[in-house]
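All residue numbers refer to positions in the sequence shown, counting from 1. Predicted model, so just to flag it, every value in this text is computed and none were measured. Values reported hereafter were calculated over all heavy atoms of this structure, with side chains retained and with hydrogens, waters and symmetry mates removed.
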Amino acid sequence: QVQLVQSGGALVQSGGSLRLSCAASRFTLNYHHIAWFRQAPRKEREGVACISGTGTTTHYADSVKGRFTVSRDDAKNTGYLQMNSLKTEDTAVYYCATDTDYHCSGTPNPWAVFDSWGQGTQVTVSS
């Protein structure tokens, strides 16, 4: 069974930074495009960022552009979301996802279907 295991969520003050990890197990993440989403309480899921299979293409939601950076380390079979200058409105549960048919060609569609999802990790930004 394909698994994505997430880590890195925490409580952080406004202006702080966090790095989320998304580690693949039971399959090789190489060449899989990775999408990141978040869902805040009482809000719909939002596409945050994505990275192509080679890491050469990335896309970001306007709300995080310039503050978040998506990356990958295929040697570690892991994707990352570096979040800087965090704001209270970034508070949400963050998810990574991948699918053999998914291509990072724009901000991830929150209604797209993915084969594999991480379990989610809570990010809370306090003022």
Side-chain angles (χ1 to χ4, degrees):
Q1 183 180 356
V2 168
Q3 276 191 317
L4 293 174
V5 180
Q6 294 183 238
S7 61
L11 171 63
V12 63
Q13 286 191 327
S14 179
S17 297
L18 283 175
R19 189 177 77 161
L20 306 184
S21 298
C22 174
S25 67
R26 299 191 180 94
F27 78 105
T28 300
L29 202 54
N30 289 12
Y31 305 115
H32 281 68
H33 298 227
I34 305 168
W36 289 88
F37 298 90
R38 67 185 180 185
Q39 189 160 20
R42 298 174 298 281
K43 291 189 177 181
E44 293 185 344
R45 183 186 301 160
E46 176 187 12
V48 173
C50 65
I51 185 167
S52 64
T54 58
T56 55
T57 299
T58 57
H59 290 281
Y60 299 91
D62 288 343
S63 57
V64 306
K65 204 170 292 182
R67 301 187 297 121
F68 289 14
T69 302
V70 62
S71 63
R72 62 190 301 146
D73 184 342
D74 288 337
K76 295 183 178 180
N77 220 23
T78 300
Y80 301 99
L81 183 67
Q82 177 69 41
M83 305 185 296
N84 298 329
S85 302
L86 282 162
K87 305 175 181 180
T88 54
E89 52 263 44
D90 294 320
T91 295
V93 178
Y94 284 73
Y95 299 91
C96 61
T98 191
D99 185 281
T100 51
D101 294 327
Y102 171 68
H103 291 273
C104 174
S105 57
T107 305
N109 177 356
W111 306 111
V113 175
F114 288 84
D115 285 338
S116 303
W117 285 88
Q119 82 279 16
T121 188
Q122 176 70 48
V123 172
T124 303
V125 184
S126 64
S127 58

Does the plane of the ring in Y94 sit parallel, tilted or perpendicular to the ring in F68? Use 30° and 60° as the thresholds. tilted

[X] (side chain) donor-acceptor with [Y] (main chain) under 3.5 angstrom:
X   : Y   : answer
R72 : H33 : no
R26 : Q3  : no
T58 : C50 : no
N77 : F27 : yes

Spell out, yes or no, whether I51 and F37 are grouped together once hydrophobic residues are joined by side-chain heavy atoms under 4.5 Å, including indirect joins. no

Are the side chains of D90 and R67 in touch, meaning some heavy atoms are under 4.5 Å apart? yes

For E89 and S63, test the side chains for any donor-to-acceptor distance below 3.5 angstrom and give the result as yes or no. no

Between Y102 and I34, is the side-chain contact (heavy atoms from CB on, under 4.5 Å) condition met? List the steps. CA-CA 8 Å; Y102 171 68; I34 305 168; over 6 Å; no

Working for side-chain contact (heavy atoms from CB on, under 4.5 Å), residues Q122 and T91: CA-CA 8 Å; Q122 176 70 48; T91 295; 4.1 Å; yes

Quick check on K76: does its NZ atom have over 12 non-hydrogen neighbours (other residues, nucleotides or ligands) under 6.0 Å away? no

Heavy atoms only: give me the nearest V64-V48 pair and the separation to one decimal. CG2-O, 3.6 Å

Sorted by chain and residue number, the side chain to side chain contact (heavy atoms under 4.5 Å, CB included) partners of Q6 (sequence neighbours excluded) come out as W36, Y95, C96, Q119, T121

Sequence-distant partners of Y80, ring-ring contact (aromatic ring centres under 6.0 Å, His included), two or more places apart: none

